[in-house]
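Heads up: the structure comes next, in structure tokens.
Proteins get letters first, then strands, A, B, ... in listed order; numbering begins at 1 in each.
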2 protein chains.
Amino acid sequence: MTSSPLACATCPVRDRAACSALGGEERADLARLGRHRTLVPGEVLFAADEDNDRCATLVRGALKISATERDGSERILSLVHPAGFVGELFAPVARFEVAALTASEVCLFSRREYEAAVERYPALARALLRRSSEDLFDLRSLVGIVGRHSAREKMAAFLLAMARAASSSPCQPAASFDLPLSRAEIGGMLGLTIETVSRQLTALEKSGAIRRVGLRGIELVDAAQLGS
Amino acid sequence: MTSSPLACATCPVRDRAACSALGGEERADLARLGRHRTLVPGEVLFAADEDNDRCATLVRGALKISATERDGSERILSLVHPAGFVGELFAPVARFEVAALTASEVCLFSRREYEAAVERYPALARALLRRSSEDLFDLRSLVGIVGRHSAREKMAAFLLAMARAASSSPCQPAASFDLPLSRAEIGGMLGLTIETVSRQLTALEKSGAIRRVGLRGIELVDAAQLGS
DNA sequence: CGACATATTGATCCGGTTCAAAGCTAGTGG
DNA sequence: CCACTAGCTTTGAACCGGATCAATATGTCG
């Protein structure tokens, strides 16, 4: 939506994002290459099959990376949380779409210039490598969740993953959080229909595992019931 | 299984693996850190919840990265092809198991020493970053496959992905190839039972999309029917 | 050849999809 | 401020695809 120069000094992810690996002058150099931008919910940051000439770090909010099937249905492939990096470096075209789930803020870079910076600053390359390793881990976990057999297991594991992602402390799941996704998006992610997602949530609530507050709020009542 | 010094000169992935980014002397240095090792089918390279003090590059064969569910069933989270890198850098413990699907050969490194090399040689860091980007792409594709609704679609997309992986040319799927996985492993990967996998394969053969040769051989007869 | 593991095929059952309708929620404008 | 709409969510009923249980077939290795 809007676009303006970076203000790293007040950036909430200034010591977690990839750029935090850089020292004073180098960081200032990188900051000159980027622009701050806000996104409204649903706004598309990168479209699929587009030029792929940009990349970004998420500062605030949440993004989704998704593909659109031949039949027109959307399939979410990953969620991006603050300090996350998006953009397919090294690839000629972007094959996935990146869009905002909630009101978000990003630092936007030209891909060419960012790749040059990766070349110039080894610490940036290593920081991105570290991020990628985490992304790989998250994605493998997601494969494990989506590949489960029953809808109940999928929803339970999904909720746990969301609780962990929402938590500030590394491993401890958050006791209550808001789902950043609509039922349709959850269904598209887990290979379930909207109706099944809804039914599983009511079932989990009836069995005392969770409590729903409003339409998107979740409270973990009995995390053990969700599978640890 | 066996273990011996590296012989980069005759390595089949010498110009595709991460180490190929290094020049003469640097490469020789890295080679001194690693050991060549062969694996028999099913042999475990890294166990889950273990020390995680090693990493490796696959030279020949195929590996699987998997997790074991509470109920004891195995869930395959990614396949690794020659030139692929395995090992969770930066993580304190390995959370997934890595094992050989077929007879394989790897270059095995101490994780500590490899991380030091990444620190020392920026080109290695960038090469690993490039590899990770590809792995991320493959894994997102896998999430898309596993998240599909019908068993038919899952199998079709899976076969196409395998055909592409088996192909030497980048995008063109191989016309015929061998599945490196048993039915149980395919099922565990896609969230299907052994029986369903078997039935889908016979159905795909009857409809003329594929031809099965022996137990694991697949010939693509009509790739379009598999979804492009 | 014989024995074991893996794969295929068949019959039944259940969970998740599908189709349909009614509740909610939030946003809009009178 | 409230009525009203549009989109999302929940709930219900019927159907169907995949799971499950069971038996047979095929391949593999001693």
Length of the [atom1]-[atom2] vector between [X] and [N], whole Å:
X	N	atom1	atom2	result
B:Arg212	D:dA25	CZ	C1'	13 Å
B:Ile194	C:dG10	CD1	C1'	16 Å
A:Arg216	D:dT10	CZ	C1'	15 Å
A:Arg148	C:dG15	CZ	C1'	18 Å
B:Leu215	D:dA25	CG	C1'	11 Å
A:Arg152	C:dT17	CZ	P	15 Å
B:Glu195	C:dT9	CD	P	13 Å
B:Arg183	D:dG27	CZ	P	12 Å

Would you tell me if any nitrogen or oxygen in the side chain of [X] comes within less than 4.0 Å of OP1 or OP2 on [N]?
X	N	value
A:Arg199	D:dT9	no
A:Thr202	D:dT11	yes
B:Thr193	D:dG18	no
A:Gln200	C:dG16	yes
B:Ser198	C:dT8	yes

Does a side chain donor of either [X] or [Y] reach within less than 3.5 Å of an acceptor in the other side chain?
X	Y	result
A:Ser110	A:Arg54	no
B:Ser207	B:Gln225	yes
A:Arg140	B:Ser78	yes

Answer with base, sugar-phosphate or nothing: what part of the nucleic acid does [X] contact at a heavy-atom distance below 4.0 Å?
X	answer
A:Gly191	sugar-phosphate
A:Leu201	nothing
A:Thr196	base

*For the side chain of A:Leu192, starting at C-beta, report the closest nucleotide among C:dT17, C:dT9, D:dA19.*
C:dT17
_Nearest-nucleotide 5' precedence on DNA chain C, A:His149 against B:Val197_ =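 With A:His149 and B:Val197 compared, the 5'-side residue is B:Val197.
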*Measure across A:Val221 and A:Arg211 and return the closest heavy-atom pair with its distance rounded to 0.1 Å.*
CG2-N, 3.8 Å
*Is the shortest distance from a Lys or Arg side-chain nitrogen in A:Glu69 or A:Arg75 to a carboxylate oxygen in the other one below 4.0 Å?*
yes
_When you measure only distances, ignoring hydrogens and angles, does the side chain of A:Glu185 come within 3.5 Å of the base of D:dC8 through a donor and an acceptor?_
no
